[in-house]
Amino acid sequence: MTKMAGGSAARSKVRKSALLVGLATMMEPAGAYAQDASDADNGDIVVTAMKREERLQDVGATIQALSAEGIRNARVAEIKDLATQVPNVDIKETVPGALPTVTIRGIGLDDFSTVSSPAAGIYVDDIPLASPGLMSGNFFDLGRIEILKGPQGTLYGRNTTAGAVNIVSATPGDAFAAFAKASYGNFDSFDAEATLNIPLSETAQLRIGGKTIQQGRGYWTSSLQEDGTPGRRDIGTRDIWLGRLQLALHPAEGLDILLKAEGERSRSEMGVPQFNGTYGIGTPFVPCAAVLQGRLDNAACVDAYGYRNTNANPYHGDWVGRFPYNIDQLNLTGKVSYNIGTVDITAITGYIDFSRLYHIDVDATPLQQFDYDEDEDVRQFTQELRIGYRNDTIDLVGGAFYSWDRVQGDNTNYGDAWPLVFLGAASGSGKTNYDQVTRSAALYADATWTLSDKVDLVTGLRFTRERRHYEGGTTFITPSPLVGVNDTFIDDTIRDSNLTGRIGLNVRPRDGLLLFAMVSRGRKSGGFFSGFTNNDSQLLPYRPETLTAYEVGVKSEFGRAVTLNVSAFYYDYKDPQTFVRFIDPATGLSVQKVGNVDSARVFGADIDLILRPVSGLTLSGGLGLLDTHLSSFETAAGTVPAGNRLPNAPATSFSGKARYEFDLSSRLTAALQGDARYASSAFKEASNDPLIASRAYWLLNARVSLGDSKVGWEVALWGRNLTKESYVVQGVNLASLGIVNRIYNAPRTYGVELSFRY
C-alpha cells in the first residue's frame with residue numbers, strides 16, 4: 001500500500017499486512033486504525049478508499065467516513081444502520097432481519113437471490129462479499145467505515161456500478177488496551193462486547209474480541225401460537241455470538257503479516273411482514289375498491305379465503321408457524337505487506353464459509369399459502385496482489401485479483417391453500433434447487449500524475465473476465481393441472497470480459513481547497529434468477545449492466561470552523577438489472593424474473609457541511625438530491641412508458657447530527673448527541689407500484705453520556721426512532737392472488753449502556 005501524501009512526518013505508520021491462516025470466530029465487519037470522533041469531524045481521518053493512505057479531504061471523490069467512536073455513539077451495528085448516517089444511501093431488508101440491499105445514488109440490486117452480485121460492493125478488510133447473503137453480519141470493534149459513491153471499476157475486486165462500502169477492522173496495536181461495553185434496552189434486549197489488545201513482543205501483537213446479542217422479545221406480536229391456536233406470541237428473538245482473533249507479526253524490517261479469523265453463530269428468528277388484502281369482501285378474485293384506486297384498506301379488503309387483517313399496528317398480526325434464522329460462518333483473512341523503499345507489495349487472501357437456514361411467510365396470513373424454507377451455503381476464496389510505487393511524478397497502484405465462489409441452496413415452497421394449485425402443486429409443495437459457481441479475474445492499474453504543485457491527473461484501467469455457471473430450477477410435487485406450467489431446469493454458463501476505468505483532474509488552488517472532475521465506468525456482471533419458477537423463460541440469464549458517471553466536486557475547509565463538500569453528477573446507465581413481470585402466453589399467468597431495462601439516467605448532488613461554532617460543539621449535515629428516469633419496459637400489465645423512477649431512490653435525503661461535549665469537572669465529561677434522517681417518498685421496484693411504495697419520513701435518535709476520563713468508564717442513555725415513525729421498507733405485490741405484504745422499519749428502541757476502556 002502506498003503511503004499517505006505529504007512529508008515523511010505526515011506519513012502513516014499503521015502496519016498493514018496479512019497472510020491466510022485459520023481459527024474460528026466471527027464474520028464481523030470492522031475498521032482499521034481507530035480515530036476519535038474529533039478526528040472524523042475535522043476531516044483528519046485517514047482513509048484507504050483509493051488503496052492509498054490519504055487524508056479524507058485530499059481525495060478527489062465523494063466519500064463519507066465514520067470513525068470508530070462515531071460508529072459506537074450512533075449505534076451503527078449492522079449494514080442497514082449506515083443509511084441513517086449518509087445521504088443518498090438507501091439500505092432496505094428484502095426480508096425482515098436479513099438480505100440487506102444497498103442502494104447508492106439510486107443504483108442498487110433489485111433482487112433477493114443469494115446468487116446475485118451486489119451493485120454496491122461490500123468489503124471487509126479488503127475482502128469483497130460475493131453474495132448478498134453474506135451482508136447480514138453485525139459490527140463490533142470497528143476502526144472506520146468508508147462509503148464511496150459512484151461506480152468502482154478500477155481498484156475494487158468485484159467491479160460495481162453503485163459504489164463501495166469499506167469496513168475496516170481495528171488492528172492490533174503496540175500497547176496493551178482493553179475495552180468492554182454492555183447495554184440493556186426494551187424488548188428484553190442485551191448486547192455486550194469486549195476487546196483485548198496484547199503486545200506479545202516488539203514484533204508480535206494479539207487482538208481478541210467478541211460480542212453477543214440477546215433479545216428475548218421480538219418486534220412482532222402474533223395473536224396465534226405456532227400451531228394456530230389463540231394466544232399471544234412474540235416473534236423476532238435474537239441469539240447471536242461473534243468473535244475475532246488477530247495476530248500481527250513484524251518478522252523483519254518492512255515486512256508485516258496480519259492473520260485474522262472471525263466467526264458468527266446465530267440461532268435467531270426472522271421478522272414477519274404485514275398482510276394486506278386486495279379482494280372485495282364476499283367477492284374473491286375481484287379487486288376491492290381501494291386497490292383499484294392504488295391504495296390499501298384492510299377494513300374493506302380480504303384475501304381469497306376472506307381473511308382480513310384487523311391489526312392497524314404493522315408489528316401485530318396473525319402469524320402461524322416458526323420463523324428460524326440460523327447462521328454459521330467462518331472468515332479467514334491474511335495480509336502480507338512488504339516495503340522496499342518507494343515500493344509497497346501487498347498480498348491479501350480471504351476465505352469465507354457461510355451457511356444459513358430461514359423461513360419466510362410471504363402471505364403473512366394464518367394459512368400457509370406462500371411459505372418457504374431456504375437452506376443456503378456460500379463458500380468464497382479471493383486472492384489479490386497489489387503493488388504501489390511513488391515518486392515526485394507518479395503515485396501508482398496496480399495489481400491482479402482472482403475470486404472463486406460457490407452458492408448452493410434449496411428452497412422448499414409449501415402451502416395448504418389454493419394458490420399452489422395454480423403454481424403446480426395441490427395442497428403440497430415445490431422445491432427449488434440451485435448451484436452456482438463464479439470465477440472472476442482482473443488486472444488493474446491506477447495512477448495519479450503530478451502535473452504541477454496544484455494539479456494532478458488521475459487515470460485508471462481495469463480488465464475483468466468472469467465466468468458464471470448456474471444449474472437449477474423448480475420441481476413440483478404433483479403434476480400441474482395447468483397447461484404450460486411444468487418443472488423448470490437450466491444448466492448454463494455465461495461469460496463476460498470488459499474494460500472499465502476512470503480519468504479525472506484534481507486542482508488545489510490553495511490549502512484547504514480541492515476541485516475535482518471525474519469520468520468513471522463500472523460494470524456489474526449478468527446472472528440468473530434463483531427464485532421459485534414455473535416457466536423456463538424465468539431462468540434465462542440477464543445481461544450485465546454498465547454505468548458511466550460524470551462528476552464534478554469541491555472540497556473546502558475554512559480553518560477548523562467550517563468544512564463544506566459539494567459534488568454534482570450525471571449517470572448514463574445501460575441495461576439496468578431489475579425485476580420484470582410478464583404474462584406467460586401458455587398459461588396466462590403473471591410470472592416474474594430478473595431482466596434488463598434498456599437504459600436509465602440519473603442526475604444528482606451531494607452536499608456535506610460540518611460546523612464547529614464553539615469549543616465542544618459539532619454540527620454536521622448531509623443533503624442528497626436525486627432525479628432518476630428509467631426507459632420504457634414491458635410488464636404483465638403492458639408497456640410501462642419511459643419516466644419511471646429507479647427503485648429505492650428518494651429524490652431528497654438528509655442526515656444530520658449535533659454533538660456537544662463539555663466538562664463537568666477535571667475528570668467528568670458529559671456529551672449530548674442527536675441525529676436525524678429524512679427521506680422523501682420512494683418506490684420499491686421499477687414499475688413504481690404505489691401499493692408497496694414508502695412515504696416520506698423522519699427518524700430521530702439521541703444519546704446522553706457521562707464519563708470519567710481518568711478511570712475510563714462511561715454511562716449513556718440512548719434512544720432510536722424516538723417518534724415511533726413507521727414506514728415501508730420493502731413489499732411484495734401478489735394482488736392478483738389476494739395478497740400484498742409490506743415490511744416496516746424497526747419500532748422505537750431505547751436503553752442504557754455502560755462501557756469501560758483501559
Side-chain angles (χ1 to χ4, degrees), residues 24-31 77-82 91-95 97-103 108-109 111-140 142 145 152 156-160 162-169 211 240-244 260-266 268 270 325-333 348-358 374-384 401 403-409 434-440 468 524-525 527 530:
T25 38
M26 111 176 198
M27 187 249 124
E28 203 25 43
E78 303 174 60
I79 284 285
K80 66 178 181 180
D81 296 333
L82 292 175
I91 303 176
K92 70 179 183 182
E93 290 183 323
T94 306
V95 179
L99 298 176
T101 296
V102 180
T103 301
L109 172 67
D111 182 19
F112 55 80
S113 302
T114 308
V115 300
S116 298
S117 296
I122 309 298
Y123 296 81
V124 180
D125 296 331
D126 283 324
I127 304 300
L129 304 184
S131 167
L134 301 175
M135 298 179 184
S136 299
N138 293 269
F139 298 161
F140 84 100
L142 305 179
I145 298 177
Q152 304 301 315
Y156 281 85
R158 291 293 292 270
N159 207 334
T160 55
V165 178
N166 289 337
I167 303 162
V168 191
S169 298
K211 181 177 181 178
I240 301 172
W241 293 87
L242 310 155
R244 182 185 302 129
K260 184 187 74 169
E262 55 188 5
E264 174 177 356
R265 183 183 187 276
S266 174
S268 303
M270 298 290 291
Y325 186 51
N326 300 335
I327 294 177
D328 293 286
Q329 180 165 351
L330 169 66
N331 289 14
L332 305 174
T333 305
I348 307 166
T349 308
Y351 175 75
I352 298 175
D353 189 350
F354 169 91
S355 64
R356 69 175 175 181
L357 171 69
Y358 58 91
E374 188 86 24
D375 191 355
E376 301 171 336
D377 292 286
V378 180
R379 285 182 294 149
Q380 172 186 313
F381 171 81
T382 59
Q383 178 65 59
E384 183 169 8
F401 173 84
S403 72
W404 174 93
D405 62 82
R406 185 174 189 178
V407 182
Q408 296 174 288
Y434 48 90
D435 186 348
Q436 176 178 278
V437 175
T438 304
R439 292 179 173 88
S440 180
R468 187 178 302 234
K524 177 181 177 296
S525 58
S530 66

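- Put simply, the side chain of K80 never gets that close to the backbone of P100: no donor and acceptor are under 3.5 Å apart.
- Taken to the nearest 0.5 Å, the CZ atom of R379 stands 14.0 Å off from the CZ atom of F354.
- How far CG of L99 is from CZ of R356: 4.5 Å, rounded to the nearest 0.5 Å.
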Notebook entry, point to check: Going through the checks in order, is the side-chain contact (heavy atoms from CB on, under 4.5 Å) test met by S113 and Y434?
Noted result: CA-CA 10 Å; S113 302; Y434 48 90; over 6 Å; no
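- Between the side chain of Q152 and the backbone N or O of A164, no donor-acceptor pair lies under 3.5 Å.
- Under the 4.5 Å side-chain criterion, counting only non-hydrogen atoms from C-beta, Q329 is in contact with I352.
- Minimum heavy-atom separation, L332 to A261: CD2-CB, 3.7 Å.
- Between the side chain of Q383 and the backbone N or O of I348 there is at least one donor-acceptor pair closer than 3.5 Å.
- Residues K524 and P118 approach most closely at CE-C, 3.8 Å, considering heavy atoms.
- With hydrogens and angles ignored, the 3.5 Å screen pairs no side-chain donor or acceptor of E264 with any backbone N or O of G137.
- Atom OG of S136 and atom CD1 of I240 lie 10.0 Å apart (nearest 0.5 Å).
- The structure places OG1 of T101 at 5.5 Å from CG of L109, a figure rounded to the nearest 0.5 Å.
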Check: Do V124 and L129 pass the side-chain contact (heavy atoms from CB on, under 4.5 Å) test, and can you show the C-alpha distance, the side-chain angles, and the key distance before you say yes or no?
Finding: CA-CA 7 Å; V124 180; L129 304 184; 4.1 Å; yes
Margin query: Checking D125 against T333 for the side chain to side chain donor-acceptor pair (under 3.5 Å) test, could you report, in this order, the C-alpha distance in whole Å, the side-chain angles of both residues, the deciding distance, and whether it holds?
Written below: CA-CA 8 Å; D125 296 331; T333 305; 5.8 Å; no
Next item on the list: Please lay out, stage by stage, how R468 and S117 fare under the test side-chain contact (heavy atoms from CB on, under 4.5 Å).
Entry: CA-CA 11 Å; R468 187 178 302 234; S117 296; 2.7 Å; yes
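- With hydrogens and angles ignored, the 3.5 Å screen pairs a side-chain donor or acceptor of S131 with a backbone N or O of T114.
- With values rounded to the nearest 0.5 angstrom, Y123 atom OH is found 5.0 Å from T160 atom OG1.
- Applying the salt bridge (Lys or Arg N to Asp or Glu O under 4.0 Å) criterion to D375, with sequence neighbours excluded, gives no partner residue.
- The CD1 atom of I79 lies 6.0 Å from the CD1 atom of I91; values are rounded to the nearest 0.5 Å.
- Across D126 and P128, no two heavy atoms sit closer than the pair O-CD, 3.5 Å.
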Next item on the list: Show your working on side-chain contact (heavy atoms from CB on, under 4.5 Å) between T349 and F381 and close with a plain yes or no.
Entry: CA-CA 8 Å; T349 308; F381 171 81; 3.7 Å; yes
